[in-house]
Amino acid sequence: MLEIKDLHVSVDGNEILKGINLSVGTGEVHAIMGPNGSGKSTLSYILSGKDGYDVTAGSVTYEGKDLLEMETDERACEGIFLAFQYPVEIPGVNNTYFLKAAVNAKRKYQGLEELDAMGFMKLMKEKMPIVEMKQDLLTRSVNVGFSGGEKKRNEIFQMAVLEPKLALLDETDSGLDIDALRIVANGVNSLRNEERSMVVVTHYQRLLDYIEPDFVHVLSDGKIIKSGDKSLALELEDKGYSWLDKSA
Amino acid sequence: MSEVIEHYVSEHASLKDVLPGNDLSWLNESRDAALQQLSTQGFPTLRAEDWKYTSIRPIEKRQFKLAQEVGHSVDATSINGYLYKDLDCHLMVFVDGRFSAPLSNLGDLARGITIKDLSTALREDSDVLKTHLCSAADMTRNGFAAMNAAFMSDGAFIELDKNCVVDLPIHLMFLSTGQHEELTSQSRILILAGDNSQAKIIESYHAQQDSVYFNNITTEVKLGRNANLEHYKVQEESKKAFHVATLQVDQQRDSTFTSHSVSLGAQLARNDINSWMGDEGATCNLYGLYVADGRQHTDFHTRIDHAKPHCSSNEYYKGILDGHSRAVFNGQVHVHPDAQKSDAQQANNNLLLSKDAEIDTKPQLEIYADDVTAAHGATVGQLDENMMFYLRSRGIDYNSAHALLVYGFAHSVIEKMSLAPLRKHLESALVSRIPNAGQFSDMVED
């Protein structure tokens, strides 16, 4: 589904990613762990198309297409979803309306009929239990006045509604207390299926107790320095990131 | 005296006998003094600090005539398009600045409320008007204030007795027909809200045609103790019109005044909003939105005086400028030496959608007390990149995301309005005004 080959990325002339190779198959869940500043968020942003990142070498292929040639909204319509580490507040734009615009943009792209108010409400009702989404969060402006946990729930709720093929979860666990983490992780798990791939970027092993990955990769200084199964995450937790730096 | 001022002096001489209240000597004296003021002072020039960024040359270039009679071709059905859907209200309609009794519908008025047109009020309540008319608004402030005081050809008088709570909003609709060339209206509105009274008053300005005219309006508001007034102004004049308005508010102890002012129309619109909080515990909220494109020029000058302790003011203005439009915001807050425990908040945020649009924004806090909470901020810029990325990462294309964010920017002002029918009207107006926002017409709240 996703093929990253020798990807080099710079920001303002500083090389952040220094040759990433990663292959994500359909239905697989990959965890990418690493210390702060290792390039984890850069990887999420480059896959979703944020401005300000220069690809200096390498390629990213998504479902056989050159991902780096696609606009951000085109990628989303093709099934890529980024759950933000810091969800953006948008004053004055109603959360429900925003979601409806997103769902219909995607449906239009796919050549499907746009949902009317009724059809959309039905979809919302169906998805709300997944992250125990509260009604009042839907009537407010996007993420405005939401707690940290509510913002992350809103991200996973959007994911549930938009049904991506490839979900990128960028530090979805950061800053969450254990109750919020459970709700968010349960939401993610219920969205796991054989057709949906996920790349879970995290600093902490704790998230992987709830979302069990098929593969774990360790990112350090812009490179994947070690890959393995979920036991690698436990080993990392035990020994710390410095263990890898020494062994690398 | 310039040629244009001479024109208005001779207009005044020829109209003197037909202006409302011409049998009242105090009023004639006041009008004469104002005319004298206008003659000596003239209209403001760019040399005056308060008019530095707003040239009124296009007004000065023309010799506007005062409307003499109500336009007869306006019938009740043509008014319907300007009414706010689902808003029950006490309605007063002014056509080319003249009160139209047949088009107005005051409905059932509760005890303790008086709503009259200016001529009737000057006939029936001249003692009250003698005390209050021109007492809040200073006619020496500038030539436009003097001009209005000299001519005040029509308008409204609203009085709320002590403890009077008006359930329905009072809607003052000003419609310009464009049936005659270059007319001017010099309207005067006086609002006296007694102790503990409460009301919502709307001033709306509309045009039937894209014509040139000049509205010069003065609204005086006096709030008694603990009175609560929400004042709405929706300015949707013709894009060729000139609109100059002063809203002068005098607040007693524990009173709350809230202004929502939306400026969408006119080629040149200038709003002066001034509130004097003369006793403890008063609150003044000024909210505003201006949207301009083409060659429109819009100017908001506000001044809030914290004269006594424990008063609070909140100011929140937003502007969206496109094309070659230009806007001015000047927010003056004056905290007097006695006014300890004052809380003054002010924000002015502007979106520039084109490289030729221009904004001059100036927050101006003058604080002479030492125990005060105050904050102000002004921003000028384009849309936030992170917001754009967030929307686009959900599949919304660039143009649509842009439109949605511009709408959201404006909506955060509109959502402060408590009158839902007005919010709805303005949401529709924004959807049709903002480029590419038409697809979001279903966003307007039901």
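The chains referred to below are lettered A, B, ... by the order of the sequence lines, with proteins before strands, and numbering in each begins at 1. Source: prediction; values computed, not measured.
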*Interface moiety of A:Glu78 toward chain B, non-hydrogen atoms closer than 4.5 Å*: neither
*Output, in order, the C-alpha distance, side-chain angles, deciding distance and verdict of side-chain contact (heavy atoms from CB on, under 4.5 Å) for B:Phe440 and A:Val93.*
CA-CA 11 Å; B:Phe440 301 128; A:Val93 176; over 6 Å; no
*asked:* Rounded to the nearest 0.5 Å, what separates atom OG in B:Ser400 from atom CG in A:Asn104?
replied: 11.5 Å
*B:Tyr407 and A:Tyr97: aromatic ring centres closer than 6.0 Å?*
no
*asked:* Less than 4.5 Å to any heavy atom of chain B: does that hold for the side chain of A:Pro87, its backbone, both, or neither?
replied: both
_Using a 6.0 Å cut-off, check whether atom OH of A:Tyr53 has over 12 heavy atoms from anything other than its own residue._
yes
_Please report the interatomic distance OG(A:Ser141) to CD(B:Glu415), rounded to the nearest 0.5 Å._
5.0 Å
*Spatial distance of atom CZ (B:Arg394) from atom CG (A:Leu82) [nearest 0.5 Å]*: 6.5 Å
*For A:Asp116, is it the side chain, the backbone, both, or neither that has a heavy atom closer than 4.5 Å to a heavy atom of chain B?*
neither
*Pair A:Glu74 + B:Arg392: basic N to acidic O under 4.0 Å*: no
*asked:* Counting C-beta onward and ignoring hydrogens, is there a side-chain heavy-atom pair between B:Ile396 and A:Phe98 closer than 4.5 Å?
replied: yes
*Structural part of A:Val142 lying under 4.5 Å from a heavy atom of chain B*: side chain
*Decide if atom CD of A:Glu194 counts as having more than 12 heavy atoms of other residues, nucleotides or ligands within a radius under 6.0 Å.*
no
_Option that, when pairs with chain B are counted at under 4.5 Å, heavy atom only, ranks first among A:Ala101, A:Ala102, A:Ala117, A:Ala105_ = A:Ala102
*Distance from A:Lys108 atom NZ to B:Asp397 atom CG, nearest 0.5 Å?*
7.0 Å
_A:Asp66 atom CG, neighbour heavy-atom count above 12 within 6.0 Å_ = yes
*asked:* At a 4.5 Å cut-off on heavy atoms, which part of B:Tyr398 comes close to chain A: side chain, backbone, both, or neither?
replied: backbone
_Shortest non-hydrogen separation from A:Ala76 to B:Gly395 and the atoms involved_ = CB-N, 3.2 Å
_Report which part of B:Glu385 has an atom under 4.5 Å of a heavy atom belonging to chain A: side chain, backbone, both, or neither._
neither
*Below 4.5 Å, heavy atoms only, C-beta onward: do A:Asp51 and B:Met388 meet side chain to side chain?*
no
*Search all heavy atoms of A:Ser48 against all heavy atoms of B:Phe389 and return the closest pair with its distance.*
OG-CZ, 3.4 Å
*Taking everything shown except A:Tyr86 itself, do over 12 heavy atoms lie less than 6.0 Å from its OH?*
no
*Got B:Asn386 and A:Phe84 here, is their nearest side-chain heavy-atom distance under 4.5 Å?*
no
*Could you check if a side-chain atom of B:Leu404 sits within less than 4.5 angstrom of a side-chain atom of A:Ile90, using non-hydrogen atoms only?*
no
*Answer yes or no: are there more than 12 heavy-atom neighbours, outside B:Lys341 itself, under 6.0 Å from its atom NZ?*
no
*Could you look at B:Tyr390 and say if it's the side chain, the backbone, both or neither that has a heavy atom under 4.5 Å from chain A?*
both
